[in-house]
2 protein chains.
Amino acid sequence: MAPEMTTLKGKPFSRAELDGLLRRTLFYTPSFEIYGGVAGFYDYGPPGCALNANIVDLWRKHFVIEENMLEVEGPMVTPHEILKTSGHVDRFCDWMVKDEANGDILRADHLVENVLEMRLKGDKEARGLVHVEKEEDPKKKKKKEKALANLEAKKLDDALVQEYEEVLAKIDNYDGAELGLLIEKYDIRNPATGNPVTPPTQFNLMFHIPNIGPSSSLYGFLRPETAQGQFLNFAKLLDYNNHRMPFASATIGKSFRNEISPRAGLLRVREFLMCEIEHFVDPEGGKKHARFHEVADVKLNLLDRDTQLSGKTEVSPMPIGEAVEKGIVDNETLGYFLARVQLFLIQLGCNPEKIRFRQHMATEMAHYATDCWDAELQTSYGWIECVGCADRSAYDLTVHMKRTGQPLQVRERLDEPRTVEYWAAETNKKEFGPKFRKDAPAVQGAIDALSDELREKLSVELKEAGKITLDVPNFGDGKVELTPDLITIEKRTRTENIRTYTPNVIEPSFGIGRILYALCEHVYWSREGDESRAVLSFPPSIAPMPVVLYPLSSHPDFKPLIARLSALLRKKRIHFAVDDSSASIGKRYSRRDQLGTPFHITADFESVQKNTFTLRERDSMEQVRATEQEIVDAVVNMVNGEETWEDVQARLPKFEGQAIEEGEEERKE
Amino acid sequence: MAPEMTTLKGKPFSRAELDGLLRRTLFYTPSFEIYGGVAGFYDYGPPGCALNANIVDLWRKHFVIEENMLEVEGPMVTPHEILKTSGHVDRFCDWMVKDEANGDILRADHLVENVLEMRLKGDKEARGLVHVEKEEDPKKKKKKEKALANLEAKKLDDALVQEYEEVLAKIDNYDGAELGLLIEKYDIRNPATGNPVTPPTQFNLMFHIPNIGPSSSLYGFLRPETAQGQFLNFAKLLDYNNHRMPFASATIGKSFRNEISPRAGLLRVREFLMCEIEHFVDPEGGKKHARFHEVADVKLNLLDRDTQLSGKTEVSPMPIGEAVEKGIVDNETLGYFLARVQLFLIQLGCNPEKIRFRQHMATEMAHYATDCWDAELQTSYGWIECVGCADRSAYDLTVHMKRTGQPLQVRERLDEPRTVEYWAAETNKKEFGPKFRKDAPAVQGAIDALSDELREKLSVELKEAGKITLDVPNFGDGKVELTPDLITIEKRTRTENIRTYTPNVIEPSFGIGRILYALCEHVYWSREGDESRAVLSFPPSIAPMPVVLYPLSSHPDFKPLIARLSALLRKKRIHFAVDDSSASIGKRYSRRDQLGTPFHITADFESVQKNTFTLRERDSMEQVRATEQEIVDAVVNMVNGEETWEDVQARLPKFEGQAIEEGEEERKE
């Protein structure tokens, strides 16, 4: 996928090292571990929680507050009927296979993908092109070895290599039957055992809730997305918004996928935080966006459908304005959100070169979508979908309206009344009543239910054949013949003052856990010459703990200084910690670099005498020295994005007198 | 309960009016309403989400950041084994009864409570003491009438009144059998039908998850509390905290209760946001708290166990320092949190007179608790538990350690080694081995497993009876006789450098939805002389939308002014809205008063000429007039709690020139 991954500073990237760091420092840790753990569930520890909260906080400011979106929050437990209507009960499924011997359950597409990838790797090794990478995790080693045993270093036909590569490029697009054919054709077996597997069967990915309340008459699921809760509130939100269009709703909350076999750490979990926007827009008028001009010049890496079909993945940045103009991105509203998503990801600290937008292939889209672009972040797992931007059309509002009979529509008063042509079907009361008697209302109902299109067709038939036949359930043989003496069908016009329509929905949907993990990969590096000293270069406003205070030693003179600094920072609502452990100051800095803290304030003996403190910046390791108030103001400004470290360095005196990096201060003290 | 409820301004409180307001303005709304709704589930709309976010934000600052608590966040889906160990599978239950005729399911304690309360009400009416309150909600009217039909205006014996009152005072303390007896004794029937009900049976309140993953071998529940996830991480968190004690963990997240029959709006729901703290403390040394002196003077309304037993509910404020000294509150750590909880509630805007702390009765406590105080907020539903502060002792860590074999303990290096007495049981190898041969290890194992207490007893028995008998499973008849030639049991001493102990846990647990609702009741009032003009007086830092900008009219000159103000506020991260609707300025102010907005900035014609704006404060309706920058600075200071409205009024010129309250400005224009 991306074996040439490098860190922020261009060095080779080691996933095992980053993963070890993130687990050791409790960014995340497997859930229920003392009970043996359950795949697909992770806990966030203190730095993970703080990072997550900062990402969500920025999201709320960047989207909800900036655009006055209408935030809603609803339950995760969702009754069956709603998810039946939305299509999730029937279609939110993956394909699974069983190991025929030991009953192991595997996800069918993952199985095909894994085995073909391993065979291709074996082929490359046999051709002497690569050396098969060693697995660092000793726990996984045995399984992996077994898997590789069947497959390793075997050269394949050139034609087969090409076939495998084509299959892999389209791996997300196969249905169960197609996956079954691939498994048969390429003799794909469970790599852990070498056993054959059963044909793929469907598995619904929603967690089932058998009882809501004490009786079993009401049951449901844990929601697979937050979107449905927003659609159900559409009429209330439209009312709240004084019936103005367009508007957007937004939800921040957990959703659930009962994955068949979770893998890839935080990237595929069973419970995850989503931030979803549903932007409701008039389907007429080209889905313009009033603020599109503000982002028209933002350049995006766009990987469109045609490029993918041609087997290419290279992209070059294109302004979103140009992309919409050329029809690569369908409309301004979708384009506006793609640009806003990119601005958000960059503000978080994602590497712009590792962001791209990939258009879904027609076969790959969710059942409701008419167009879809994923914001993908490049990681050691490949390009990972982190934000889906789908045009869900009027699908959801339409199905819920149909099911409930509630008007999930916009009624728009027209500035000028408009004339609408329509096909009127009128019965001749004098003949019609006596002919059908008690069945007259049923026949009338069938006539009323005819669509405009059908009426036009029938008018021709009535004229040409002299009769038409309608379906009328519960009437004789279910058919009724009507002749021109009974019915007239003709084109008429009427004047409308109000236009009624079902809005379309543009949905940017964010997987926060994926973004969080990809961000960690993007900002991770290690010190030149001392690769064990890892650094996470989060931007100051995103870093889990932006400031740490250090007394140089446990000397009691430092206590009141640290207390005063603490009070000042608390007043400014800056999240900080005090590290008064007995480790050397260099070791303490190093430990906090690993957690991504950008600013380090130290009280030393000069602080006691002159009330000045050193301020160290994480990435450059450079320091300034200034008074308590100057240091706190500088930090507050940098955390709030009002000054940069360069600004601060330019106005506060540089500090070099005391070398207090690791290993240095021991000599000094 | 509290029929004499009054609003913030001392007027009679109408729940129906407040509830109507909160639903109309989308603070909250029943979930899934277009599908008929499901009891116990609510959605928050835009003001509810913003209020909720502000409450959680303050909570995080007041507790997590202020005290450097270790935040953790884990899944809601929880495997069975964990909740079996914690006791929830067996004991997290309510008692339910069924209507014998129509099968309606009712919660047993609520049934008894409702019926006895209605009878007491009927008695009071019969005695001419009260007039039975009318039900405002027409939907509920029919049911209510039916219910009252059986019961209304019937005088009861004085002795029976007293019995009923005693039962109601202890209603939370009855188990299923006792509730069954009460139902029989007082002939309590389903008030909706008049039918008798079945004896109470147990119903587990956890939502069941039958499958985690595709096989049915792993199943679980939705968590009933966030606490267990924190306990499971204890060893990792202790390590993260450099093995220092005490420390606290905290979780903000949803929990679930599959209520039998939810009622009382947001107060009893099936899915709710909790903020829970688990403060781990050494059980030795009296559970002192290092910062207790900071809160010792905080006065609390304490309703202790003895006062409740004497049937009283009056409380007078007592400093928490005094309460701990007198032993009313057990220890400093518990006392510290009670005081901090009260400070939090007051900062939110709760009325201090409507806050009390009630100690749990022994029979009422959760299965794990050794002492418990609830912070209760007074509402129209009575005094409602909003924060539970329990001392869970070492219960949870002990059961999880026992079940998993993982050391959930603290190992503390002792400053001075200490001498510990213990009972040593030593076998005489020469005799023991030959006698038991291959079973020797099993017998030795049984000896090793003996507790210190048991060894002391056995040493006496060995001396007096000349033999002891041990249980050894899988050995002959399971019994082994040992004589003094085979075993010696005697008291010895050893020196320890390390002390190992299981921490106790003090748990303040916040129900955010309950606090949110109670807060709305506390800050609700209406304008003197115009009771339809409701106001929600949230503090500026808590109000859902602290600032609204108004162009006086749709005149284009106002647009750039509003845009400039918007940019300034956005830069300062203040949540604001623009209300440019065509309603009169007075009507627009009024509408925002209802949503609790404290500050209203208006651009009028003087703004165009002189760049000055009016700033109106919600509660006083007074205004000042100043420049753009002065107005924005004042608002930022007030929202961040650095200035009060009085401060601002004292330094900026009062504005009276233009009366723009509702109905006034029409004359001016």
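Sequence lines set the chain letters: A, B, ... in the order given, protein chains first and strands last, and positions in each chain run from 1. Remember, predicted model here, so these are calculated numbers, not experimental data. Keep in mind that the numbers below use all heavy atoms, side chains included, and drop hydrogens, waters and symmetry copies.
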Going from [atom1] on [X] to [atom2] on [Y], what distance comes out if it is rounded to the nearest 0.5 angstrom?
X: B/T404; Y: A/E33; atom1: OG1; atom2: CD; value: 11.5 Å
X: A/D43; Y: B/N233; atom1: CG; atom2: CG; value: 4.5 Å
X: A/S31; Y: B/L232; atom1: OG; atom2: CG; value: 9.0 Å
X: A/S566; Y: B/E66; atom1: OG; atom2: CD; value: 9.5 Å
X: B/I209; Y: A/I209; atom1: CD1; atom2: CD1; value: 4.0 Å

Salt bridge present between A/D239 and B/R24 (N-O < 4.0 angstrom): no

Heavy-atom side-chain contact between [X] and [Y] under 4.5 Å:
X: A/L222; Y: B/L222; value: yes
X: B/L26; Y: A/V72; value: no
X: A/K61; Y: B/H575; value: no
X: A/I34; Y: B/L408; value: yes

Heavy-atom pair with the smallest gap, counting every atom of [X] and [Y]:
X: B/P46; Y: A/L70; answer: CG-CB, 3.6 Å
X: B/P75; Y: A/F41; answer: CB-CD2, 3.5 Å
X: A/P214; Y: B/M96; answer: CB-SD, 3.8 Å
X: B/V77; Y: A/F32; answer: O-CZ, 3.3 Å

Would you mind telling me which of [options] has the largest number of heavy-atom pairs within less than 4.5 Å of chain A?
options: B/E81, B/E259, B/M401, B/K236; result: B/K236
options: B/R403, B/H400, B/M69; result: B/H400
options: B/R270, B/M76, B/H208; result: B/M76
options: B/Y44, B/Y28, B/Y42; result: B/Y44
options: B/R244, B/M545, B/Q228, B/K571; result: B/R244

Under 3.5 Å: donor-acceptor pair, side chain of B/N211, backbone of A/F207: no

Backbone N/O of A/I212 and side chain of B/N258: donor-acceptor pair under 3.5 Å: no

A/F576 versus chain B, the contacting section by heavy-atom distance below 4.5 Å: backbone

A/S261, part contacting chain B, at a heavy-atom distance under 4.5 Å: neither

Side chain / backbone / both / neither for B/P47 at chain A, heavy atoms under 4.5 Å: both

Chain A contact via B/T251 - side chain, backbone, both or neither, heavy atoms under 4.5 Å: neither

More than 12 heavy atoms from other groups under 6.0 Å of CZ on A/F203: yes

Distance-only donor-acceptor check, side chains A/Y35 and B/T85, under 3.5 Å: yes

What residue in [options] has the most heavy-atom pairs under 4.5 Å with chain B?
options: A/E642, A/Q406, A/R573; value: A/R573
options: A/T29, A/L205, A/N52; value: A/T29
options: A/I260, A/N68, A/I82; value: A/I82

Within residues 70-80 of chain B or reaching into it, pairs that qualify as side-chain hydrogen bond (donor to acceptor under 3.5 Å, both in side chains) - sequence neighbours excluded: A/K254-B/E73, B/R60-B/E71

